[in-house]
There are 2 protein chains.
Amino acid sequence: MSEHDKLTEDKIFEAATEVFIEKGMDGARMQDIADRAGMNKSLLHYYYRSKDRLFDAVFEMIASKMLKKFAPVFEDNLTFEEKIRFFFREHISFMQKNPRLPAFLLNEINRHPDRIRKFLANVNIGNVWDILYSQHKEDLDKYHITREKIPQIMTTMASLSVFPFAAKKLLEEIFGKVGLKFNDYIEERKTFAADFVIGALENMNRYNFNDESKTQPHDKKKKK
Amino acid sequence: MSEHDKLTEDKIFEAATEVFIEKGMDGARMQDIADRAGMNKSLLHYYYRSKDRLFDAVFEMIASKMLKKFAPVFEDNLTFEEKIRFFFREHISFMQKNPRLPAFLLNEINRHPDRIRKFLANVNIGNVWDILYSQHKEDLDKYHITREKIPQIMTTMASLSVFPFAAKKLLEEIFGKVGLKFNDYIEERKTFAADFVIGALENMNRYNFNDESKTQPHDKKKKK
DNA sequence: ATTAATTTTGACCGCTTGGTTAAACTATTT
DNA sequence: AAATAGTTTAACCAAGCGGTCAAAATTAAT
């Protein structure tokens, strides 16, 4: 495999990445990708056998790129609060540079859940949460946060950072009507989300005691 | 237009709704819709001229259905805290019954932003926020929440309720590995999200004063 | 320089796509 | 009951789709 080969193969991959993110798997056309790469359509089939395989390659690259951005959150030398701030700062900044990735990934995962399965096969999410929990047991106990709350808290943090990008075009449309720039909003969000989460966690204990009647299904039947 | 016409037209619309939500605009096939409606494909073109118009009809119906679910939040006879709890309870319950709507809507809006434009043309979101703000000025002042924070707070609430459904298949995959049922998680979320937001707002003032150095871009240049 | 292997191309294929049309069918009007 | 209008169907169409293939162009090996 020569120097030039790698170049054309990469050009295909890059063009495919652009088109797939823009149009999605169903909306993308092999001819579009060939045009954007500036070459004959047959070359796409020469290097990647089919549209499906080409998409798989692109999807895997993007998914793992996204996954890797989550990893540094679990570094040990940070306090719980620092981790939260670190997460929002880094994760949102990453999406700022790749604003279409969240919508693309969510859509394709919902459409073909099996594609993400092999990714999560290698990740023991329960373990990760357990480690995170034990690392900060003191902080979490102080806030009266039990292990069962971890899924809610983790998905909450993901919500706060990912949703604005998943709904980017909608928010841009809305913000446009009140003279707000999406990028300003995102810049502000890095700290707002962190402040918000930390503030909520500090008040968490309150609702564990006072509102036991109001918050109905807190103590659900744990299966077996 | 006879009784029977309305029936077949409705059957088309219902079948189209199902298929479009399942496969998206690009992935849906007219033949699929005809099959699901149990009739000849030409009838789709007889009642709706083209795939685009049929999709437009479906999209408009779903979008307005979604929009209407937000309206009751602005009823006057509720306290700010009650509105927050009311929003999460009702909005999440609605999505529980229509779990694929969020992903569908977000994807199609991102793909064709102009389609949502005419919807928002009728809604003066700035006004809605102003009304909401003035309705609860006392509460918000108590929490030291300025009007500029409204967009962050509103999108935060949308994030917390919508994201779990937009990422449903991903979360189901993750939860499956730790023995957590998506529906249990959602049931819990109705109150968790409300508690979380209220707790965060009550702590909001703290970060307005203490952390002015940490939270860098709070006071950005306001254009003009 | 010749051969061999690889890369790139354009022409092509079978199939599916959204969409059309004319005829068959059904209901309504006179 | 005949004519009219509205509904449903099957057959069909051109365009676009992913994919193939053999020949041309290029590079590497002898």
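In this text the structure is predicted, and so the values were computed from the model without any measurement. Letters go in sequence order (proteins before strands), and every chain restarts at 1.
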Trainee: Would B:Phe20 and B:Phe55 satisfy ring pair (Phe, Tyr, Trp, His ring centres under 6.0 Å), going step by step from the backbone distance to the final call?
Mentor: CA-CA 7 Å; B:Phe20 278 135; B:Phe55 180 82; 4.9 Å; yes
Trainee: Using distance only, find each side-chain donor-acceptor pair of residues 161-180 of chain B under 3.5 Å and give its atom names and separation, not counting sequence neighbours.
Mentor:
residue  : atom : partner  : partner atom : Å
B:Ser161 : OG   : B:His91  : ND1          : 3.2
B:Ser161 : OG   : B:Met157 : O            : 3.4
B:Ser161 : OG   : B:Ala158 : O            : 3.3
B:Lys168 : NZ   : B:Glu172 : OE2          : 3.1
B:Glu173 : OE1  : A:Arg117 : NE           : 3.4
B:Glu173 : OE1  : A:Arg117 : NH2          : 3.3
B:Glu173 : OE2  : A:Arg117 : NE           : 2.7
B:Lys177 : NZ   : A:Leu120 : O            : 2.0
B:Lys177 : NZ   : A:Val123 : O            : 2.7

Trainee: Of B:Glu81, B:Lys83, B:Glu82, which is the lone residue that meets side chain to side chain contact (heavy atoms under 4.5 Å, CB included) with B:Arg85?
Mentor: B:Glu81
Trainee: Less than 4.5 Å apart, any side-chain heavy atom of B:Thr156 and any of A:Arg189?
Mentor: yes
Trainee: Does D:dC21 have OP1 or OP2 sitting under 4.0 Å from an N or O in the side chain of A:Tyr46?
Mentor: no
Trainee: Can you check the B:Met39 CE to C:dC25 C1' distance for me, whole Å?
Mentor: 16 Å
Trainee: Can you confirm whether more than 12 heavy atoms, excluding those of B:Lys68, are under 6.0 Å from its NZ atom?
Mentor: no
Trainee: Rounded to whole Å, please give me the gap between CG in A:Leu43 and P in C:dT6.
Mentor: 16 Å
Trainee: Please confirm whether the backbone N or O of B:Leu106 pairs with a side-chain atom of B:Asn110, one donor and one acceptor, at under 3.5 Å?
Mentor: yes
Trainee: When you check every protein heavy atom under 4.0 Å of nucleotides 16-23 of chain C, what one-letter string (B, S, -) results, 5' to 3'?
Mentor: -SBBBB--
Trainee: What's the CG-C1' distance between A:Asp35 and D:dC17, to the nearest Å?
Mentor: 14 Å
